[in-house]
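First comes the structure, then the notes that go with it.
Numbers restart at 1 for each chain; the letters A, B, ... are given by sequence-line order, proteins then strands. This is a predicted model, so every value here is computed, not measured.
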There are 2 protein chains.
Amino acid sequence: MANNIQFSIAVHILAGLACGCDKEGLTSAKLAMSVNTSPSFVRRTLSKLSKAGLVETATGKAGACWLAKDAKGISLLDIYHAVDAPKAFAIHSYAEQKACTVSCHIKVALENALAKTQKALEVSLAEISLAQIVSDVKKK
Amino acid sequence: MANNIQFSIAVHILAGLACGCDKEGLTSAKLAMSVNTSPSFVRRTLSKLSKAGLVETATGKAGACWLAKDAKGISLLDIYHAVDAPKAFAIHSYAEQKACTVSCHIKVALENALAKTQKALEVSLAEISLAQIVSDVKKK
DNA sequence: ATTTGTTGTTACTATACCAGTAACAGAAAA
DNA sequence: TTTTCTGTTACTGGTATAGTAACAACAAAT
């Protein structure tokens, strides 16, 4: 009942980078193998993570990528924002029916509700660090 | 950046029913006018709300629908569950790459994270009642 | 009884989004 | 200069979902 798996992919990639014993970083091809997708798709996600300052990359023949900071310093909220994941719920955008009070003002009411719920969602994501994810991965 | 507006539609419909001065209930045609969509679509959403016990309906010539309980007794979480809205985020479902620890265990780690975040989302929705929405709609 | 106007449901269509691929310029090491 | 990687753009195909149409079941009104 849900879509947009880019957030999951991003967490997967970052967990891979955090676990990767290679001090020299990983290539998009290796990450793609772990995630089971194409290197291109990985690179597109990596690009967003890079712009958000979560990973650093090197171009050229010895190209690679690695975490820009410690896994403890990266929260799921950082990742959520980096990939611009969907909001808690979507608000419809129909034209207002002038004669109807509900039609005209429902959007504001929904926006108030969304603001509160979105905040709760983000606080929860902020409390989970990439290090926690890595710990879960290794524990199992 | 988000989709699946059925939750919003459902809140809109219920707010309409709560506001509707008509003691006798509203038809799907009138609701459709307020939401700016087809009666069919409204009825499909109404059907879910009816099955969840949030509204009651009457068939036949004088067909109509109305709230099954007071707006104070209906939370956004009830509506969220009724329309089976998407989870806080989706987990990808690629085949595990046996040779890779991350690939094999990331799903469990993500499920743990989702459980926590989903809980936060639902608690937040549970705290907002339909009556609150109606109040916002009328205040404006 | 017959007509009328509604719900409930199914089936269908079209569109928009998104996962996934391909291709290539730019970059840096060998 | 060759190799091999990143970064980015453009493209494709599949799928979910908004939206529509149609019709049986139903109950009130006539």
Check your understanding: Would you say the side-chain atoms of B:Thr117 pair up with the backbone N or O of B:Ala113, donor to acceptor, closer than 3.5 Å?
Key -> yes
Study note, to complete from the structure: Separation of D:dT6 atom C1' from A:Leu31 atom CG, nearest Å, is 13 Å
Check your understanding: What pairs with A:Ala52 under side chain to side chain contact (heavy atoms under 4.5 Å, CB included), at least two apart in sequence or on another chain?
Key -> A:Leu54, A:Ala82
Practice item. Go through the structure and list residues passing side chain to side chain contact (heavy atoms under 4.5 Å, CB included) with B:Ala131, not counting sequence neighbours. Key: B:Ala71, B:Lys72, B:Ser129
Check your understanding: Base, sugar-phosphate alone, or nothing: which one does B:Ala58 contact when heavy atoms must sit under 4.0 Å apart?
Key -> sugar-phosphate
Check your understanding: In whole angstroms, how far is the P atom of D:dA16 from the CD1 atom of A:Ile5?
Key -> 12 Å
Practice item. Grab the CG-P distance between B:Asn4 and C:dC17 for me, whole Å please. Key: 14 Å
Point to revise | Residues in salt bridge (charged side-chain N to carboxylate O under 4.0 Å, His left out) contact with A:Glu127, at least two apart in sequence or another chain | key: B:Lys116
Exercise for review: Report the residues that fulfil side-chain hydrogen bond (donor to acceptor under 3.5 Å, both in side chains) with A:Ser8, sequence neighbours left out, ordered by chain and then residue number.
Suggested key: none
Check your understanding: What orientation do A:His12 and B:His92 show, parallel under 30°, tilted 30 to 60°, or perpendicular over 60°?
Key -> tilted
Restricting both atoms to N or O, compile the protein contacts to nucleotides 10-16 of chain C shorter than 3.5 Å, with distance only.
none

Practice item. Measure the distance from CG on B:Leu26 to C1' on C:dT7 and round it to the nearest whole Å. Key: 14 Å
Check your understanding: Any side-chain N or O of A:Thr57 less than 4.0 Å from the OP1 or OP2 oxygen of D:dG7?
Key -> yes
**Study point:** Counterpart residues, salt bridge (charged side-chain N to carboxylate O under 4.0 Å, His left out), relative to B:Lys107 (two or more places apart)
**Key:** none
Practice item. Give one of base, sugar-phosphate or nothing for A:Lys48, where a contact means two heavy atoms less than 4.0 Å apart. Key: nothing
Which pairs, protein N/O on one side and nucleotides 27-30 of chain D N/O on the other, fall under 3.5 Å?
residue : atom : partner : partner atom : Å
D:dA27  : N3   : B:Lys61 : N            : 3.2

Point to revise | Euclidean distance, atom CZ of residue B:Phe41 to atom C1' of C:dT7 [Å, nearest integer] | key: 17 Å
Point to revise | Length of the NZ-C1' vector between B:Lys51 and C:dT7, whole Å | key: 12 Å
Exercise for review: For A:Ser50, answer base if it contacts any base atom (sugar-phosphate contacts may also be present), sugar-phosphate if it contacts only those atoms, and nothing otherwise; contact means non-hydrogen atoms under 4.0 Å.
Suggested key: nothing
**Study point:** side chain to side chain contact (heavy atoms under 4.5 Å, CB included) partners of A:Lys119, counting only residues at least two apart
**Key:** A:Val123
Review point. Residues in side chain to side chain contact (heavy atoms under 4.5 Å, CB included) with B:Thr37, at least two apart?
Key: A:Tyr94, B:Val35, B:Phe41, B:Val42
Exercise for review: Would you mind reading off the distance between A:Arg43 atom CZ and D:dT6 atom P, rounded to a whole angstrom?
Suggested key: 6 Å
Point to revise | Contact under 4.0 Å: A:Ser47 side-chain N or O vs D:dT8 OP1/OP2 | key: yes
